[in-house]
*Asks:* 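Here it is, the structure in full.
Lettering of chains follows the sequences in order, A, B, ..., and the numbering in each one begins at 1.
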Amino acid sequence: MAEYTFKDIEKKWQAYWEENQTFQANVNPDKPKFYSLDMFPYPSGAGLHVGHPLGYIASDIVSRFKKLKGFNVLHPMGYDSFGLPAEQYAIQTGQHPAITTEQNIARYTEQLKNIGFAFDWSKEVRTSNSDYYKWTQWIFMQLFNSYYDLDADKALSIDSLIERFEKEGNASIKAACDEDTEKFTAADWNAYSEKIKQETLLKYRLTFLAETTVNWCAALGTVLSNDEVKEGFSERGGHPVERKKMMQWSMRITAYADRLLQGLEKLDWSEPIKEMQRNWIGKSIGADVVFQVKDSDQKIKVFTTRVDTIYGVTYLALAPESELAAALITEDQREKAEAYIEVAKNRSERERMSDVKTISGAFTGSYAINPFNGEEIQVWVADYVLAGYGTGAVMAVPAHDERDYNFAKHFGLEIRQVIEGSMEEGSFPGKGGLIINSGFISNLYMKDAMNKAIEFLEEKGIGKGKIQYRMRDAIFTRQRYWGEPLPVYFKEGLPYLIEEKDLPLVLPEVDKYLPTEDGEPPLARASDWNYKTAEGEFPLERSTMPGWAGSSWYFFRYTDPKNETELADKAKTDYWGSVDLYIGGSEHATGHLLYSRFWTKFLYDLGIVTVDEPFQKMINQGMIQGRSNFVYRVKGTNQFVSYGLRDQYDTFAMHVDVNIVYNDQLNLDKFKAWRPDLADAEFILEDGKYICGSEVEKMSKSKYNVVNPDDIIERYGADTLRLYEMFLGPLEQFKPWNTNGIDGVYKFLRKLWNLYHNSSGEFQVSDAEPSKEEYKALHKAIKKMEDDMANFSFNTSVSSFMICVNELTALKSNKRGILEPLAILVSPYAPHIAEELWNLLGHEGSITDATFPIFDESHLVESAFEYPVMINGKMRTKLSLDLSLSKDQIQEAALSDEIVMKWLEGKAPKKIIIVPGKIVNLVV
RNA sequence: GCCGGGAUGGUGGAAUAGGUAGACACGCAAGACUUAAAAUCUUGUGGCCGUAAGGCCGUGCGGGUUCGAUUCCCGCUCCUGGUACCA
């Protein structure tokens, strides 16, 4: 075998790995563990494009590196296989989504295997398999059977809550529950009917059924979560989304809000991602204040973060959706106010969001009383107040809040300053200013004033300090077919769990995947979607779980994917612990990553797992964008003019398949063969070539800029693809895919191969002792690779390999003492060629069982250094000097240098800076 | 609006406890090999002036600190991600 025949080599070793289960990871307490995880993909019909494997390659390199360093590495892969596209396809074609999904997974797996990943395929999970979603349903049941105890600050069983209700009622229980939960005694509880008991418990359960305002997407026929909605449109498909009240299952994630916030501190994640989660959770510390309505027993509760400005309140404002608002309208304002509410309510969420400049509102006619100073203030309805946040009512302080200020200006309401400062430029928050004109909180600063005001509220029983979160409870149902059924049936309108022995509750067959004619979810089409109990048959829940259910705990299942009796063996989840390196896109910052942390904390509370954070370290790879190529057609002809000459003709740009363009030069024959109508195309060339234009766009079929990894592998091999994806630039950066530079890494692999072969292509290494230069070239690369691995700078490691191979080639090195460690060094990046070379070097078995070479500093020690000599900060010459020289000796050498003397023009330098081993700088 | 990230040759990018800007690679140019092309190899390649030696300019823009700034500070411009009447 003379040439570097990557096709044979890669096939051979991929088969070897599979046959020998090289990457199977089993619990081994004698070795340190390393859990390396990729965000698992949704297997779409389009297959993988070159952007998908970027993160997988990075984690694969780290995994292989850790293995060489003696770690027991778990590096699994699986599929997030429930989801909308397969279902949409099913609706169009009638093909069962399970079949489509199966086909897509087969294609993905084949593509992934071609890249030579060190995945432990024996650990594969698929969220749509019933042996997997059995446990997703099981977790749902645990959530249903749990409540969040605020004193214990953890989830506890609902049975223990019932016991406490029986003994003490709910007054003394601090637990996360619905806002409208009423107080009851033990006697009340014991007298309750079964129905009332169940309804009450639903207000406490961590997953519960409640009437909620949801994001309803009519086009998709389903509810969407907040993170699935982008600017009023569905993330998938871009259909309009409206707000609607519906009976829905929710997850009480808000109970975990504070722990989700605190937990971020100890995670090794990038600051932007942590910040996004903090913003999403949106903790605000403030107070509830109750305002009495004048001449009425109605009360208005507002939430504010600035009680210190309470003396500056000049009106209250309610959300148009508020029922209270309608109730407070007086006869003389009725016509105007009701008309306003009607208009405001009918404005879509999107309209309200995009149009924040128009100020609108209406006076209700009612007055409220400021409990601090007894003043009567007007109560308004305004659409800048959101029903979904806080209490849906605000106390307006125009002097110190911009929105209140604009509103007050517009309607001519009073603006009263209560913090020292200038009002010349409108309102100001004045967080550091002295409180004035504010009764007993005057002459205080914000914090003290707030504390004193809250003290007053709590004493009078008209308010209390409160922490408000922006995050809402997560809606957990979708009116779709292709998802996990909820293990719930209904008896007398109340939800009950099915028995654990009946798990998994398998998705039923239906005739069509569409909602029913009367708007019921697709599962309503199933003929026997009922649950049989001793008491009779009851209807099962017809909604399914959202996409994020299965992906919120898959990292635990990987440790023990075939377990039929438990979610995973505790000994296994204990051993593998939390994920040591998680790589994936930052687009999941507020969805998947938050839900996974929530479920992990819940499972931790129940003692099912021992870690309370799933992902210790995370790296977010940047998206690979497409780079489109264009040809320029002369209008009305079949003539195409090269990029540089296009201005001389009347042309229009046309996307051309990037796979028939090399280094922006069009392959004319392939172009003619591309489409029948181009067969007789004519070209106007420049310098004998057709040069294409280019532009960075999203990678998509319609732009003909999708590059398939299979094609790259066919042409250059998997090792080249792996190296090139890493060489492209920093992992976290967004960058367009451009195949232009790929020849460079391909050449590198050939040069690497040639080091182990003589000029007639025969394998030949020498057992002679390597020279100092050879050791130096190798150890520079070892050091660089280890340093880069710590910083995830994969691109610079590839450079250092190139430098190393270039140097060794120049030295004509073929020493075993250099080439053996070199093969190990590059093996995480280019595993196939490394295995082959290792084998040629006479080793049995896989290079992945080798030990990473030990870096020896002594090979890099230099005795001399080439000092840059700067005059006034500009580099003028270089002096090669012994590193043992003292500062004085360096100075002497520098001053006696000819070029330096020329620049000094006989004058003595004003200042001399000498940093040994670094630089000499003379100031004239 | 608010909170992040970024801007370096023709291109991807390298270099930050402040110390030779442009590593490595692509592309381009010239040459070698070849009937020719591809492939491969060699040399050159930030811009301007100069035959050269050499000089001047140069890391988005404008200032500042420093012997010395791509790196630190102040003020902008543009691109990009997130988020938004959140009280």
Side-chain angles (χ1 to χ4, degrees), chain A residues 230-231 270-280 282-284 286 302-306 309 316-317 319 352-359 382-386 388-397 400-404 406-407 468-471 586-587 589-590 620 622-623 627 663-665 694 723-724 727-730 732-748 750-751 793 795-806 866-878 899 902 909-915 917-924:
Chain A
K230 300 284 174 219
E231 290 171 9
S270 74
E271 206 42 51
I273 296 282
K274 287 191 188 183
E275 196 57 27
M276 277 159 77
Q277 290 218 344
R278 284 189 200 108
N279 290 339
W280 189 263
K283 182 177 183 174
S284 335
V302 303
F303 173 73
T304 177
T305 53
R306 296 297 303 275
T309 61
L316 297 187
R352 257 167 91 167
M353 268 193 320
S354 60
D355 175 25
V356 295
K357 272 161 242 121
T358 315
I359 295 161
D383 73 352
Y384 79 89
V385 181
L386 302 178
Y389 183 75
T391 60
V394 302
M395 56 175 235
V397 186
H400 306 294
D401 180 281
E402 201 189 336
R403 290 154 309 172
D404 297 345
N406 292 337
F407 193 84
Q468 179 73 44
Y469 294 95
R470 191 186 85 97
M471 182 169 68
S586 56
E587 66 273 20
T590 51
N620 301 106
M623 213 205 319
R627 184 176 182 277
N663 285 321
D664 291 337
Q665 189 184 334
S694 72
L723 277 167
Y724 186 58
F727 190 59
L728 219 45
E732 307 198 28
Q733 195 167 298
F734 279 61
K735 49 198 172 261
W737 175 267
N738 185 345
T739 314
N740 287 356
I742 198 163
D743 284 327
V745 291
Y746 182 60
K747 272 188 233 170
F748 156 75
R750 284 219 309 258
K751 279 192 219 167
S793 304
N795 54 330
T796 50
S797 274
V798 179
S799 300
S800 73
F801 296 154
M802 289 173 170
I803 294 168
C804 178
V805 166
N806 287 346
E866 191 166 59
Y867 280 89
V869 180
M870 303 172 92
I871 315 284
N872 291 334
K874 288 212 166 74
M875 213 273 290
R876 294 303 179 185
T877 186
K878 286 178 182 178
I899 297 169
K902 190 194 97 187
K910 278 190 220 147
K911 194 168 179 182
I912 302 172
I913 296 111
I914 293 170
V915 185
K918 274 266 166 76
I919 203 162
V920 175
N921 192 8
L922 307 173
V923 186
V924 186

*Asks:* C1' atom, B:rU45 versus B:rA23: distance in rounded Å?
*Replies:* 15 Å
*Asks:* Give a yes or no on whether the backbone of A:P730 and the side-chain of A:K735 come within a donor-acceptor separation of less than 3.5 Å.
*Replies:* yes
*Asks:* Between A:V394 and A:I899, which has a closest nucleotide on RNA chain B that is more 5'?
*Replies:* A:I899
*Asks:* Could you measure the distance from the CH2 atom of A:W280 to the CZ atom of A:R470? Nearest 0.5 Å is fine.
*Replies:* 5.5 Å
*Asks:* Using atom C1' in both nucleotides, what's the gap between B:rA14 and B:rU8 to the nearest angstrom?
*Replies:* 10 Å
*Asks:* Expressed in whole Å, how much space separates the P atoms belonging to B:rU77 and B:rC28?
*Replies:* 39 Å
*Asks:* A:D743 or A:K902: which one's nearest nucleotide on RNA chain B is closer to the 5' end?
*Replies:* A:D743
*Asks:* Identify whether the glycosidic angle of B:rG9 places it syn (within 90° of 0) or anti.
*Replies:* syn
*Asks:* A:D401 versus A:R403: any side-chain heavy-atom pair under 4.5 Å?
*Replies:* yes
*Asks:* Both distances below 3.5 Å, Watson-Crick or wobble geometry, any strand: find the nucleotide opposite B:rC56.
*Replies:* B:rG47
*Asks:* Using the P atom as the point on both nucleotides, what is the distance between B:rU71 and B:rC48, in whole Å?
*Replies:* 25 Å
*Asks:* Within this structure, what is the CD-to-C1' distance between A:E732 and B:rU80, rounded to whole angstrom?
*Replies:* 15 Å
*Asks:* Whole Å only: how far is the CG atom of A:L728 from the P atom of B:rC24?
*Replies:* 19 Å
*Asks:* Report which part of the nucleic acid A:N806 touches: base, sugar-phosphate, or nothing (heavy-atom distance under 4.0 Å, all strands).
*Replies:* sugar-phosphate
*Asks:* How would you summarise protein contacts on nucleotides 14-22 of chain B per nucleotide, using B for base, S for sugar-phosphate only and - for none, with heavy-atom distances below 4.0 Å?
*Replies:* S----BB--
*Asks:* In whole angstrom, give me the gap between the C1' atoms of B:rU43 and B:rC49.
*Replies:* 24 Å
*Asks:* When rounded to the nearest Å, what value does the distance between C1' atoms of B:rU70 and B:rA32 take?
*Replies:* 40 Å
*Asks:* I want to verify a distance call: between B:rC57, B:rA87, B:rC41, whose nearest atom is closest to the A:K874 side chain?
*Replies:* B:rC57
*Asks:* Return no unless some side-chain N or O of A:S284 is found under 4.0 Å from OP1 or OP2 of B:rA87.
*Replies:* yes
*Asks:* Taking side chain as C-beta onward, heavy atoms only, is A:M395 less than 4.5 Å from A:T309?
*Replies:* yes
*Asks:* Which base, if any, makes a Watson-Crick or G-U wobble pair with B:rU40, both distances under 3.5 Å?
*Replies:* B:rA32
*Asks:* Which nucleotide sits closest to the side chain of A:I803: B:rA84, B:rA23, B:rG12?
*Replies:* B:rA23
*Asks:* Is the shortest heavy-atom distance from the side chain of A:Y384 to the side chain of A:D404 under 4.5 Å?
*Replies:* yes
*Asks:* From the options B:rG5, B:rC85, B:rC67, select the nucleotide whose nearest atom is closest to the side chain of A:Y384.
*Replies:* B:rC85
*Asks:* Using whole Å, report how far CD of A:E587 lies from C1' of B:rU83.
*Replies:* 16 Å
*Asks:* Roughly, in whole Å, what's the span from CE in A:M276 to C1' in B:rG5?
*Replies:* 11 Å
*Asks:* With respect to the phosphate group of B:rG1, does any side-chain polar atom (N or O) of A:R403 fall under 4.0 Å of OP1 or OP2?
*Replies:* no
*Asks:* Please give the nucleotide sitting opposite B:rU66 as a Watson-Crick or G-U wobble pair, both distances under 3.5 Å, or none.
*Replies:* none
*Asks:* Write down the distance between CG (A:N740) and P (B:rC28), rounded to a whole number of angstrom.
*Replies:* 10 Å
*Asks:* Would you please confirm or rule out a distance under 4.0 Å between OP1 or OP2 of B:rG54 and any side-chain N or O of A:R876?
*Replies:* no
*Asks:* Between A:Y867 (side chain) and A:K878 (backbone), is there a donor-acceptor pair under 3.5 Å?
*Replies:* no
*Asks:* B:rG10 and B:rA29: how far apart are their C1' atoms, nearest whole angstrom?
*Replies:* 13 Å
*Asks:* Does the A:N921 side chain pair with the main chain of A:G873, one donor and one acceptor, at a distance under 3.5 Å?
*Replies:* yes
*Asks:* Applying the Watson-Crick and G-U wobble criteria at under 3.5 Å, what pairs with B:rG75? Answer none if nothing qualifies.
*Replies:* B:rC61
*Asks:* For B:rU11 and A:R627 - does any side-chain N or O of the residue sit under 4.0 Å from the phosphate oxygens OP1/OP2?
*Replies:* no
*Asks:* Under a 3.5 Å limit for both distances, which nucleotide forms a Watson-Crick or G-U wobble pair with B:rG10, could you say?
*Replies:* B:rC26
*Asks:* Between atom CD1 in A:I273 and atom P in B:rG81, what is the gap in whole Å?
*Replies:* 14 Å
*Asks:* State the OG1-CD1 distance between A:T796 and A:I803, to the nearest 0.5 angstrom.
*Replies:* 9.5 Å
*Asks:* Measure up the A:W737 and A:Y724 rings against each other and bin them: parallel (under 30°), tilted (30 to 60°), perpendicular (over 60°).
*Replies:* perpendicular
*Asks:* Nearest-Å distance, CD (A:E271) to C1' (B:rG81)?
*Replies:* 16 Å
*Asks:* Mind checking the P distance from B:rG75 to B:rU80? Whole angstroms is fine.
*Replies:* 24 Å
*Asks:* In Å, rounded to the nearest 0.5 Å, how long is the span from NZ of A:K918 to CD1 of A:I913?
*Replies:* 14.5 Å
*Asks:* Please tell me if A:K747 has a side-chain N or O lying less than 4.0 Å from either OP1 or OP2 of B:rC26.
*Replies:* yes
*Asks:* Does B:rC2 have a Watson-Crick or wobble mate here (both distances under 3.5 Å), and if so which one?
*Replies:* B:rG82
*Asks:* May I ask you to say what A:R750 touches in the nucleic acid, namely base, sugar-phosphate or nothing, with a heavy-atom cut-off under 4.0 Å?
*Replies:* sugar-phosphate
*Asks:* Between atom CG in A:N406 and atom C1' in B:rA87, what is the gap in whole Å?
*Replies:* 14 Å
